[in-house]
Structure formats: structure tokens, C-alpha cells
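Positions are given from 1 along the sequence. Each ligand, and each atom within it, is numbered from 1 in the order the structure gives.
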Amino acid sequence: LAKERGKNNYQFYSSKLAELTSRKLDLEKWLRKSMEKNELTLNYQPQIDLETNKIIGVEALIRWHHPENGIISPADFIPLAEETGLIVPMGKWILKEACTQNKRWQELGFDPIPIAVNISVRQIQEDNFVESVLQILEEVGLNPRYLELEITESIMQDIERSTIVLNQLKEIGVQISIDDFGTGYSSLSYLKHLPIDSLKIDKSFVDDIINHSNKGEMVKTIIDMGHNLNFNVIAEGIEKEEQVIFLKQYACNVGQGYFYSRPLPVEQLEELLLKNRNEKAFH
Ligand code: C2E
Ligand code: MG
Ligand code: MG
Ligand code: MG
């Protein structure tokens, strides 16, 4: 009897596995086509100077509008795009789109601000990554200082190569920030020697401020450490005023989160930029 059941279980699991595998293939197929069919768009989330309440940057975040499945979260398809290598052409498209948009805002007369673009470690590993960034900046005619590349601590895994690539990027003149800081493995001594402009404190630590778990100690520590190393410190995932008050108290420079604004389609972000030019987008 046990044997029977075992066999059935095995069949159950193997068909489940087959289903999952075929869905993954479906997803990959859809993802490939999504680029040709213009189903990918970027949303933009403002970054706010906590002292002046002015928008001093925006982060580009990809959205996939699938005709049948609606909006699919990047958390669901970026890992697959990385696994299949599709992230490389997709990442180029994202960079070009984000730079083009930022250039357009400058031409519309908005105060020039950097646009932050998320870069997968898989892209950095490509031999011609630096050249492709340079080429895009030239094609678009965007001053490199208005592009900020967000990378994660996973670059530390190949510190030798990453150091070379980041230094080359710095030579071009783009800005570099470490995203989701605190969740990965960073050696402080490496961090100190890398040409980094900003640390983005991961949302989980910013959440701790209101959960009162360890009283936001990690946040304080990261802010202090960032400032000691001459980095700009950005808090991500701010949802409550209480967090803003805490962050300002510890002199965090920049904030980003639903408290200020969700990631928005271009037109809505432009309304905020317009307010930002005339007065303040946030009070
Ligand atoms: P991330 O770069 O750390 O982006 C921040 C994520 O937190 C975004 O989710 C954003 O919408 C969300 N967020 C911002 N403020 C708040 C808040 O106050 N509360 C909450 N609950 N969430 C907030 P999103 O857009 O779903 O992106 C998820 C992740 O997918 C990103 O994390 C990034 O790692 C990746 N991703 C997104 N766009 C791209 C892209 O263009 N290229 C690459 N390589 N990865 C991307
Ligand atoms: Mg990011
Ligand atoms: Mg992040
Ligand atoms: Mg994240």
C-alpha cells in the first residue's frame, strides 16, 4: 500500500514539475516577445531630499503589461530574465529608454536630475557593458552625471572584476549606488575602495523604524557608516511620516517610498516635476 502511495506521489510530483517547467518556458517565450510587442514600460519613482523636500532624482522601474495576465511584477520576471540571459538585451533597452526619458525632461525645461537605473550583476559580467553604457549616453546625448546605476552587493562576489568595471564607469562620469544595502554581503574594506556615490538602505531596515524591532539601530549604523565613507545615504520604502522624522533626526539625505509617491507613469511623474519646479512637490 505504502509503495502504491509512493508511486502516486511520485507521479503527482513529476507532473507538477512538468507543469512548472512548461510554465517557465511559457514565461520565457512571452518575455522574449514582450520586448518586440512593446509590452515593457518604465515607471518612475521620485527621490526626495529630506531637508528641502525637493525631488532630486527618480528611479526607473520596469513594468510588464501582459495582455492576458495583466501587470507582472519585476520580482517575478527579472530573475528569469537573468537566468536566461535575456536581461542583457532587456537591460540595454531599459537603459536607453531611461536615458532618453531623462533627456526629454531636460529638453522640457525641468531641473536636471539623475535617473537611477537598476543593473543586474549579469549585465556587469558582459564584456562590453561599459562600452554599451557609453554608447547609449552618446546616442541619447545625456550628460553622464545624470545617470545613476544601481547595483547590489552581489557584485562583491567577483570583487576584482567589479572594481575594474566600476572604476571604468566612474571614469565615464556616471554615478553609482548600492541598492538594497544591508541585505547582502559587503566587505567594508572593499566598499571603502569602490567608487560609490550612494548607499540605498534596504526597505526591511526602514520598516524596523516603525516595527520598533531593534529601534532602527541598523538604520542609524548604516547612515553613520555611509557618511563616514563620504557616501550619500538614501532610505527606500518609506511609508510613514514617523520614518521620515527618524531618518531626518539621523541626517539621512534622501528618501524614496510610497509616503511620497508610488512609481508613476511618465505623465504623472511630469506633474510632480512641474510642481517641483514652481514650488515643492511635497511639503
Ligand atoms: P528595487 O530596485 O529595490 O526597487 C524598489 C522596489 O520597492 C520597487 O518594486 C518599488 O516599487 C518598491 N517600493 C518603493 N517604495 C515602496 C514602499 O514605500 N513600499 C513598498 N512596499 N514598496 C516600495 P518593483 O518595482 O516591484 O521592483 C522590484 C525589484 O525588481 C527592484 O527592487 C529591482 O531589484 C528589480 N527591478 C525593477 N526594475 C528593474 C529594472 O529595470 N532592471 C533590473 N535589473 N531590475 C529591476
Ligand atoms: Mg533599485
Ligand atoms: Mg532597493
Ligand atoms: Mg529590492
Side-chain angles (χ1 to χ4, degrees), residues 31 34-35 39-48 55 57-65 70-102 114-126 129 132-133 136 147-155 175-184 186 196-211 219 222 232-244 247 254-265 268-269 282:
L31 198 50
S34 67
M35 294 208 291
E39 290 169 9
L40 298 178
T41 52
L42 296 182
N43 275 4
Y44 302 92
Q45 188 177 35
Q47 301 180 324
I48 285 81
I55 298 173
V58 284
E59 178 175 1
L61 293 154
I62 188 128
R63 295 292 176 262
W64 179 14
H65 303 263
I71 293 185
I72 304 174
S73 157
D76 292 329
F77 69 86
I78 293 288
L80 181 67
E82 286 172 344
E83 217 176 285
T84 56
L86 215 58
I87 194 68
V88 174
M90 188 180 285
K92 275 186 198 150
W93 179 86
I94 293 167
L95 257 175
K96 177 125 192 223
E97 182 74 9
C99 290
T100 304
Q101 187 55 65
N102 202 19
I115 192 152
V117 179
N118 293 284
I119 302 294
S120 292
V121 68
R122 184 77 176 66
Q123 287 173 269
I124 306 239
Q125 285 163 350
E126 285 289 295
F129 178 67
S132 71
V133 172
I136 287 169
L147 174 63
E148 179 163 343
L149 302 179
E150 292 194 4
I151 52 185
T152 61
E153 289 167 280
S154 54
I155 55 136
Q175 303 195 50
I176 297 165
S177 60
I178 306 285
D179 202 358
D180 304 335
F181 186 77
T183 60
S186 274
I196 293 162
D197 300 284
S198 311
L199 295 184
K200 296 189 78 175
I201 310 176
D202 189 70
K203 180 178 186 300
S204 57
F205 303 116
V206 178
D207 287 344
D208 284 346
I209 299 171
I210 37 179
N211 298 335
V219 173
I222 296 173
N232 205 24
V233 183
I234 304 178
E236 62 178 7
I238 301 176
E239 292 180 348
K240 300 229 159 77
E241 182 159 31
E242 198 184 331
Q243 292 166 311
V244 175
L247 290 161
V254 181
Q256 186 180 341
Y258 294 175
F259 175 73
Y260 294 103
S261 167
R262 289 187 173 250
L264 301 171
Q268 287 176 47
L269 198 271
F282 304 99

Original post:
Would you say Glu239 and ligand 1 have an N/O pair spaced under 3.5 Å apart?
Top reply: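 Yes; at least one N/O pair falls below 3.5 Å.
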Near [X], which atoms of ligand 1 are under 4.0 Å from a heavy atom of that residue?
X      : result
Gly257 : 15 (N), 18 (O)
Gln45  : 14 (C), 15 (N)
Ile238 : 18 (O)
Ser120 : 44 (N)
Pro263 : 11 (O)

Original post:
Going by atom types only, do Glu236 and Gln256 share a side-chain donor-acceptor pair under 3.5 Å?
Top reply: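 Result is no, nothing qualifies.
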Subject >> the Mg ion (ligand 2) contact by Glu59, N, O or S atom under 2.8 Å >> reply: yes
**OP:** Kindly confirm whether the Mg ion (ligand 2) is within less than 2.8 Å of some N/O/S atom in Asp179?
**Re:**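 Yes.
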Given [options], the one that forms side chain to side chain contact (heavy atoms under 4.5 Å, CB included) with [X]:
X      : options                : result
Glu59  : Asn43, Asn118, Ile234  : Asn118
Thr84  : Val88, Leu86, Ile87    : Leu86
Thr152 : Asp202, Asp179, Thr183 : Asp179

How many angstroms lie between atom [atom1] of [X] and atom [atom2] of [Y], to the nearest 0.5 angstrom?
X      : Y      : atom1 : atom2 : value
Glu239 : Asp207 : CD    : CG    : 6.5 Å
Asp76  : Leu31  : CG    : CG    : 11.5 Å
Phe205 : Ile222 : CZ    : CD1   : 5.0 Å
Gln123 : Ile151 : CD    : CD1   : 11.0 Å

**OP:** Counting heavy atoms only, name the option from Asp76, Val121, Asn118 that's nearest to atom 33 (C) of ligand 1.
**Re:** Asn118
Subject >> Residue selection (non-hydrogen contact nearest atom 41 (O) of ligand 1) among Asp179, Ile71, Ile94 >> reply: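 Selected option, by shortest heavy-atom distance: Ile94.
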Region of [X] that comes within reach of ligand 1 [heavy atoms, distance under 4.0 Å]:
X      : answer
Arg262 : neither
Ile62  : both
Asp180 : side chain
Gln256 : neither

Original post:
Does a side-chain heavy-atom distance below 4.5 Å link Lys200 with Phe181?
Top reply: no
Original post:
Side chains of Met90 and Phe77: closer than 4.5 Å at any heavy-atom pair?
Top reply: yes
Subject >> N/O/S atom name from Glu150 that is nearest to the position of the Mg ion (ligand 2) >> reply: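 Closest to the Mg ion (ligand 2) among those atoms: OE1.
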**OP:** Work out whether the distance between some heavy atom of Glu59 and some atom of ligand 1 is less than 4.0 Å.
**Re:** yes
Original post:
Would you call Lys203 a ligand 1 contact, heavy-atom distance under 4.0 Å?
Top reply: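 Yes, Lys203 has a heavy atom closer than 4.0 Å to ligand 1.
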Subject >> Ionic contact status for Lys92 with Glu126, cut-off 4.0 Å >> reply: no
Subject >> the Mg ion (ligand 3) contact by Asp180, N, O or S atom under 2.8 Å >> reply: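 Under 2.8 Å: Asp180 contacts the Mg ion (ligand 3) through an N, O or S atom.
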